[in-house]
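These notes concern the structure reproduced below.
What you are looking at is a predicted structure, and each value in this text was computed from that prediction instead of being measured.
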Amino acid sequence: MKLLLLCLGLTLVCAHHGENHDVVTSNFNMSKISGEWHTILLASDVKEKIEEQGSMRMFMESIQALDNSSLLIICHKKINGECAELTSICDETEEEGVYSVSYDGYNKLYISEADYNDYLILYLMNSNKQKKTQVTALLARKPDVSTQMKKRFEELCKDHGIPKENILDMANANPCSHARGSHGAQASSAQ
């Protein structure tokens with residue numbers, strides 16, 4: 001009987017530890033990050049940057065790892081009432097999982113956490129005219145995620161000093177969702 005209880009206990013412990021076995025926080029396999037993504041939550045310590053007409057209010061379409069270790073990122077955003085596709089090349093820095101890109105100033109893009117088949121959390125530090133702004137994004141392979149995942153994102157934002165009221169649910173807010181997959185029609189470079 002004791003052996004049966006020990007086996008049951010070990011099974012529960014192993015199952016509990018197995019819950020997050022796909023979560024990666026370092027040594028990212030960029031080819032597994034490549035593909036389509038949806039912007040679910042967007043947060044910033046300067047909320048105006050992610051509100052309507054904010055320079056950092058963008059909707060992710062895809063990320064592609066390039067042969068030179070850079071990332072090709074395609075987003076959509078409303079500019080002057082029109083949906084525009086923004087294409088950015090993010091160059092790998094000397095730090096693992098950290099990229100640089102010019103857009104609305106200089107940006108360092110950090111890959112914080114990933115479950116390659118489910119979600120990706122990005123953290124961006126924007127420097128523009130000696131002002132720094134933090135932006136965090138929860139991206140997902142599907143158009144929405146679980147409440148538990150959203151709470152996890154809220155905790156990560158809190159760790160960066162971003163209050164809960166500065167987190168916007170973007171899952172159903174994409175005014176350019178009809179433009180997904182239409183690469184090139186209204187492309188502009190964000191570099």
| field | Nearest-0.5 Å distance, OG of residue Ser70 to CD1 of residue Ile89 | value | 6.5 Å
| Do Leu71 and Met30 have side chains that get closer than 4.5 Å, going by heavy atoms? | yes
| For the hydrophobic clusters of this structure (ILVMFWY residues joined by side-chain heavy atoms under 4.5 Å, transitively), does one cluster hold both Phe153 and Tyr119? | yes
| message | Between Met58 and Ile79, is there shared hydrophobic-cluster membership here, with clusters defined by ILVMFWY side-chain heavy atoms closer than 4.5 Å? | response | yes
| task | To the nearest 0.5 angstrom, please state how far the CG atom of Asn174 sits from the CD atom of Glu61. | result | 9.5 Å
| How many angstroms lie between CG in Leu72 and OG in Ser34, if you round to the nearest 0.5 Å? | 9.0 Å
| message | So does Glu82 get a backbone contact from the side chain of Asn80, meaning a donor-acceptor N/O pair under 3.5 Å? | response | no
| task | Determine yes or no for a side-chain-to-main-chain donor-acceptor pair under 3.5 angstrom, with Lys47 supplying the side chain and Glu165 the backbone. | result | yes
| request: Decide yes or no for Thr133 and Met56: does some side-chain heavy atom of the first lie under 4.5 Å from some side-chain heavy atom of the second? | output: no
| request: Determine whether Phe59 and Leu42 make a side-chain contact, defined as any pair of heavy atoms from C-beta on separated by less than 4.5 Å. | output: no
| query | Is a donor on one side and an acceptor on the other found under 3.5 Å between the side chain of Thr93 and the backbone of Val98? | reply | yes
| field | More than 12 heavy atoms from other groups under 6.0 Å of CG on Asn68 | value | yes
| Is any NZ, NE, NH1 or NH2 atom of the basic residue among Lys77 and Glu85 found under 4.0 Å from an Asp or Glu carboxylate oxygen of the other? | no
| query | So Asp91 and Ser100, side-chain hydrogen bond (donor to acceptor under 3.5 Å, both in side chains) or not? Walk me through it. | reply | CA-CA 5 Å; Asp91 296 316; Ser100 66; 4.8 Å; no
| field | side chain to side chain contact (heavy atoms under 4.5 Å, CB included) evaluation trace for Asp118 with Asp22 | value | CA-CA 9 Å; Asp118 191 21; Asp22 291 334; over 6 Å; no
| task | Side-chain contact test, heavy atoms from C-beta onward, threshold under 4.5 Å: evaluate it for Met149 versus Leu138 and give yes or no. | result | yes
| query | Between the main-chain N or O of Ser55 and the side-chain N or O of Tyr103, is there a donor-acceptor pair closer than 3.5 Å? | reply | yes
| message | Test: salt bridge (Lys or Arg N to Asp or Glu O under 4.0 Å). Region: residues 94-103. Which pairs qualify, not counting sequence neighbours? | response | Glu95-Lys108
| query | Quick check: does any side chain N or O of Asn128 sit under 3.5 Å from a backbone N or O of Lys131, one acting as donor and the other as acceptor? | reply | no
| task | Take Glu52 and Lys78, measure what salt bridge (charged side-chain N to carboxylate O under 4.0 Å, His left out) needs, and give me the verdict at the end. | result | CA-CA 9 Å; Glu52 292 282 337; Lys78 262 201 155 166; over 6 Å; no
| task | Verify the cluster assignment for Ile162 and Leu168: are they in a single hydrophobic cluster under the rule of side-chain heavy atoms below 4.5 Å apart? | result | no
| query | Is the shortest side-chain N to carboxylate O distance from Glu113 to Arg152 below 4.0 Å? | reply | yes
| Side chains of Asn29 and Val24: does their closest heavy-atom pair fall under 4.5 Å? | no
| said: Is the shortest side-chain heavy-atom distance between His38 and Met60 below 4.5 Å? | reply: no
| message | Is there a side chain to side chain contact (heavy atoms under 4.5 Å, CB included) between Lys49 and Arg57? Walk through the geometry before answering. | response | CA-CA 7 Å; Lys49 289 274 195 176; Arg57 185 182 181 98; over 6 Å; no
| task | Could you walk me through whether Ile111 and Ile33 pass the side chain to side chain contact (heavy atoms under 4.5 Å, CB included) test, one step at a time? | result | CA-CA 10 Å; Ile111 299 171; Ile33 287 177; 4.0 Å; yes
| query | Is it the case that one hydrophobic cluster holds both Ile121 and Val23, taking links as side-chain heavy atoms less than 4.5 Å apart, direct or via other members? | reply | yes
| message | Treating Thr39 as the side-chain partner and Met170 as the backbone partner, does any N or O pair qualify as donor plus acceptor under 3.5 Å? | response | no
| task | Take Asp169 and Lys150, measure what salt bridge (charged side-chain N to carboxylate O under 4.0 Å, His left out) needs, and give me the verdict at the end. | result | CA-CA 9 Å; Asp169 191 331; Lys150 289 179 180 181; 3.2 Å; yes
| said: I'd like to know whether Cys90 forms a side chain to side chain contact (heavy atoms under 4.5 Å, CB included) with Ile73, so could you lay out the CA-CA distance, the side-chain angles of the two residues, the decisive distance to 0.1 Å, and finally the verdict. | reply: CA-CA 7 Å; Cys90 302; Ile73 295 181; 3.5 Å; yes
| said: Taking Leu120 as the starting point, is it possible to reach Tyr110 by hopping between hydrophobic residues whose side chains are less than 4.5 Å apart? | reply: no
| task | Report yes if the side chains of Leu124 and Thr136 come closer than 4.5 Å at any heavy-atom pair, otherwise no. | result | no
| query | Does Lys158 reach the side chain of Lys164, with side-chain heavy atoms less than 4.5 Å apart? | reply | no
| Side-chain donor-acceptor pair under 3.5 Å between Asn166 and Ser44, yes or no? | no
| message | As an exercise, state the distance from OG of Ser88 to CD1 of Ile74, rounded to the nearest 0.5 Å. | response | 9.5 Å
